[in-house]
Amino acid sequence: MVTKIFSSKRFAVILIIFILSYCSFFLYSYLNKDQDELLLSDVGRLVPIKVKQVIHGQELEQFKQLLLDAKEKNIKISIAGKQHSQGGHTYYKDSIVIDMTTYNKVINVDPKEKLITVQSGATWADVQEAINPYGLSIKTMQAPNIFTIGGSMSVNVHGRDIRFGPLIESIRSFRLMNANGDILNVSRTENEELFRLVNGGYGLFGIILDVDIELTDNVLYKATNEWIDYHDYPEYFKEIVLNNPDIEMHNSRISVAPKSFLTEMYVTNYSITDEKNLEDFTDLVDEKYVRRNKFAFGLSRSSDWGKNFVWFVQKHAFKEGKSEFISRNNVMRPEVEFLNYEGKNDTDILQEYFVPVDDFPEFVDRLREILNEHDLNVLNITVRHVPKNEEAYLSYAKEEMFALVFYINQGISAKEIEKTGDVIRKIIDLTLEMNGSYYLPYYQYPTKEQMKEAYPLADEFFQKKREYDPDERFMNQFYEVYGK
């Protein structure tokens, strides 16, 4: 009996302690909820930073008052879209972050002019939904359509269409709110210098408001696969692809599987066709291969066997001569939930290198030497063509280039970050030696010296930043690292 009473009391005490601990945990979580939400990071998850506040953009007066208040209190402003720039481009320590994804209206579609006016927080998916019924399509965007217009402008994206260069080419005009809250009309004829600075300007010159984007026709493509020797790729591309006006889009991959590492390669060409009716293919299709691609990347992260198996599957999926019919708008839809991996101790990042077309084979051979000597978990390399365009201050296409887009898995510890950085800096040295460049939206592995060699107008760009924004009201980690 005594034992039972003792046991009951002991149980009651344990239960009370458990309940109090449980309540304390949730009280602590509640009280620290806002603080935790202010520890901001981007999709790369490598540079978490505590910010002062995150505000969802809604109205122009809100933006203006926010800027005036920030100036009075000497608070920095950062601008964020989907936060897929991975080097702290969208936030800054103790700053106010404006989340533009809620400033996302499609304002007008002009089918006759082939022009859309849209708020900068809208995504390319929003644009596609609006223009598809009119038989229109986007000229240039990233392969996935999940990104905001303002974010894409700020990194001056390129795409799969070999007839159109970086996004700046299809931006007709936009409105910009500067650090004083003034609204400026920006185009190639009005505030022309800002046009070249804001496109590819990483949110450092103001808040992009609404944008006029030039469109093209939605057409039906016949997509055909072909396997080629990477040594022959430059000549193949110039003679077979560029010289055929019916081929408007082009994509290629080179193997990262150990058994065929950087030797096997296939291409997909998208040719305009009248073999079938476009009307039968105009329904927009989302996430066609999401499960397959997620499974493939999962296998590739963990083992060489996984990489070999994935490439084996790709050989069968992209057989020589295999073809399918697809609308332009569906080519420009997502194939995978992009960079959504959230491993506990690792993350997926992107890196991208631009090399002159004719130098592609030599670059691949020398790249193979670097990667065989150093450990870098490369999951995929896509190759894109980027036409020459030097309109933006931070232009990456000084001549006709091939872009090699690396999808990499790496650890998130300081030791793993440094290890990855060592390899990437070696790849950038090779790229610069071959008169190439690298893409700026990703983690800040390059040195300041490498950045300025890749982007000769960098010093002038940062000086212009200080002229247009002398209080450095708009700030981010990219400017902190490379512009100071």
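Below, all heavy atoms of this structure are taken into account, side chains as well, without hydrogens, waters or symmetry copies. Quick caveat: nothing in here was measured; it's all calculated off a predicted structure.
- Considering Lys71, Glu72, Lys64 as possible partners of Leu68, the one that fulfils the side-chain contact (heavy atoms from CB on, under 4.5 Å) test is Lys64.
- Using modelled atom types and a 3.5 Å distance limit, the side chains of Glu59 and Tyr103 yield no donor-acceptor pair.
- Comment: Lys465 engages Asp469 in a salt bridge, judged by a side-chain N to carboxylate O separation of less than 4.0 angstrom.
- Going from atom CG of Asn389 over to atom CD of Glu399 covers 13.5 Å, rounded to the nearest 0.5 Å.
- With respect to Glu214 and Lys139, a salt bridge is recorded, a charged nitrogen being found less than 4.0 Å from a carboxylate O.
- Considering only heavy atoms from C-beta on, Leu209 stays 4.5 Å or farther from Leu176 through its side chain.
- No side-chain donor-acceptor contact under 3.5 Å links Asp246 and Ser271.
- Between Leu46 and Tyr445 there is a side-chain heavy-atom pair separated by less than 4.5 Å.
- A donor-acceptor pair under 3.5 Å is absent between the side-chain atoms of Asn178 and the main chain of Ile183, judged by distance alone.
- Between Leu242 and Arg163, some side-chain heavy-atom pair lies under the 4.5 Å cut-off.
- Checked by atom type, the side-chain pair Thr140/Glu169 shows no donor-acceptor distance below 3.5 Å.
- For Lys50 and Asp94, the salt-bridge test fails: no basic side-chain N is under 4.0 Å from an acidic carboxylate O.
- Here the side chain of Asn330 pairs no donor or acceptor atom with the backbone of Ile326 at under 3.5 angstrom.
- When side chains are defined from C-beta on, Ile79 does not count as touching Thr90, because their heavy atoms never get closer than 4.5 Å.
- Without hydrogens or angle criteria, Arg384 side chain to Ser252 main chain gives no donor-acceptor distance under 3.5 Å.
- A salt bridge is absent between Asp429 and Lys426; no separation between the charged side-chain nitrogens and carboxylate oxygens falls under 4.0 Å.
- A centroid separation of less than 6.0 Å is found between the aromatic rings of Tyr266 and Trp311.
- The side-chain heavy atoms of Met401 and His385, taken from C-beta on, include no pair separated by under 4.5 Å.
- The closest donor-acceptor contact from the side chain of Thr420 to the backbone of Ile417 lies at 3.5 Å or more, if one exists at all.
- With ring centers used as reference points, His250 lies 6.0 Å or more from Tyr270.
- Salt-bridge check for Asp126 with Lys105: failed, with every basic side-chain N at 4.0 Å or more from each acidic carboxylate O.
- The closest side-chain donor-acceptor pair between Gln463 and Asp459, if any, does not fall under 3.5 angstrom.
- If you run salt bridge (Lys or Arg N to Asp or Glu O under 4.0 Å) between Glu391 and each of Arg196, Arg188, Lys398, only Arg188 comes through.
- Between the Gln128 side chain and the Met332 main chain, a donor and an acceptor come within less than 3.5 Å of each other.
- Minimum heavy-atom separation, Ala458 to Leu394: CA-CD2, 4.1 Å.
- By the 6.0 Å contact criterion, NZ on Lys238 is enclosed, its count of non-hydrogen atoms from other residues, nucleotides or ligands being greater than 12.
- With Phe205 as the fixed residue, the ring-ring contact (aromatic ring centres under 6.0 Å, His included) test singles out one of Phe174, Phe474, Phe461: Phe461.
- Side-chain N/O atoms of Gln62 and His56 include no donor and acceptor closer than 3.5 Å.
- Separation of the Tyr482 and Tyr479 ring centroids does not fall under the 6.0 Å cut-off.
- Counting heavy atoms from C-beta outward, Asp365 and His231 have side chains that approach closer than 4.5 Å.
- For the pair Lys464 and Tyr393, the cation-pi test (distance below 6.0 Å, angle within 45°) is failed.
- For Gln83 and Tyr91, the side-chain atoms include no donor-acceptor pair closer than 3.5 Å.
- Within the 3.5 Å criterion, the main-chain N or O of Asn185 finds a donor-acceptor partner in the side chain of Asn191.
- A donor and an acceptor atom, one from each side chain of Ser187 and Ser173, are nowhere located under 3.5 Å apart.
- With respect to the salt-bridge test (charged N to carboxylate O, under 4.0 angstrom), the residues Arg425 and Asp422 qualify.
- Side-chain contact between Phe261 and Asn372: present, with at least one pair of heavy atoms (C-beta onward) separated by less than 4.5 Å.
- When only modelled atom types and interatomic distance are considered, Ser327 and Asn329 share no side-chain donor-acceptor pair under 3.5 Å.
- Under 3.5 Å, the side chains of Asn476 and Ser78 contain no donor-acceptor pair of N or O atoms.
- For Asn380 and Lys307, the side-chain atoms include no donor-acceptor pair closer than 3.5 Å.
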Output, in order, the C-alpha distance, side-chain angles, deciding distance and verdict of side chain to side chain contact (heavy atoms under 4.5 Å, CB included) for Ile116 and Asp212. CA-CA 6 Å; Ile116 186 169; Asp212 294 326; over 6 Å; no
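- The aromatic rings of Phe354 and Tyr396 lie parallel to each other, with less than 30° between the two planes, well short of the 60° mark.
- Of the N and O atoms on the side chains of Asn104 and Thr102, not one donor lies less than 3.5 Å from an acceptor on the other residue.
- In terms of the side-chain contact (heavy atoms from CB on, under 4.5 Å) criterion, residue partners of Gln477 (sequence neighbours excluded) are, by chain and number, Ile49, Tyr92, Gln444.
- Using modelled atom types, one finds no donor on one side chain facing an acceptor on the other under 3.5 Å when comparing Gln410 with Asp348.
- There is no side-chain donor-acceptor pair under 3.5 Å between Thr224 and Asn269.
- Proximity of Val423 to Lys419: side-chain heavy atoms (C-beta onward) are nowhere separated by under 4.5 Å.
- Paired with His89 under the rule ring-ring contact (aromatic ring centres under 6.0 Å, His included), one option of Phe478, Tyr439, Tyr443, Tyr442 passes, and it is Phe478.
- Side-chain N or O atoms of Thr148 include one that pairs as donor or acceptor with a backbone N or O of Gly151 at under 3.5 Å.
- No salt bridge links Lys76 with Glu480; every basic N to acidic carboxylate O contact stays at or beyond 4.0 Å.
- Side chains of Asp210 and Thr117: a donor-acceptor N/O pair is absent below 3.5 angstrom, by distance only.
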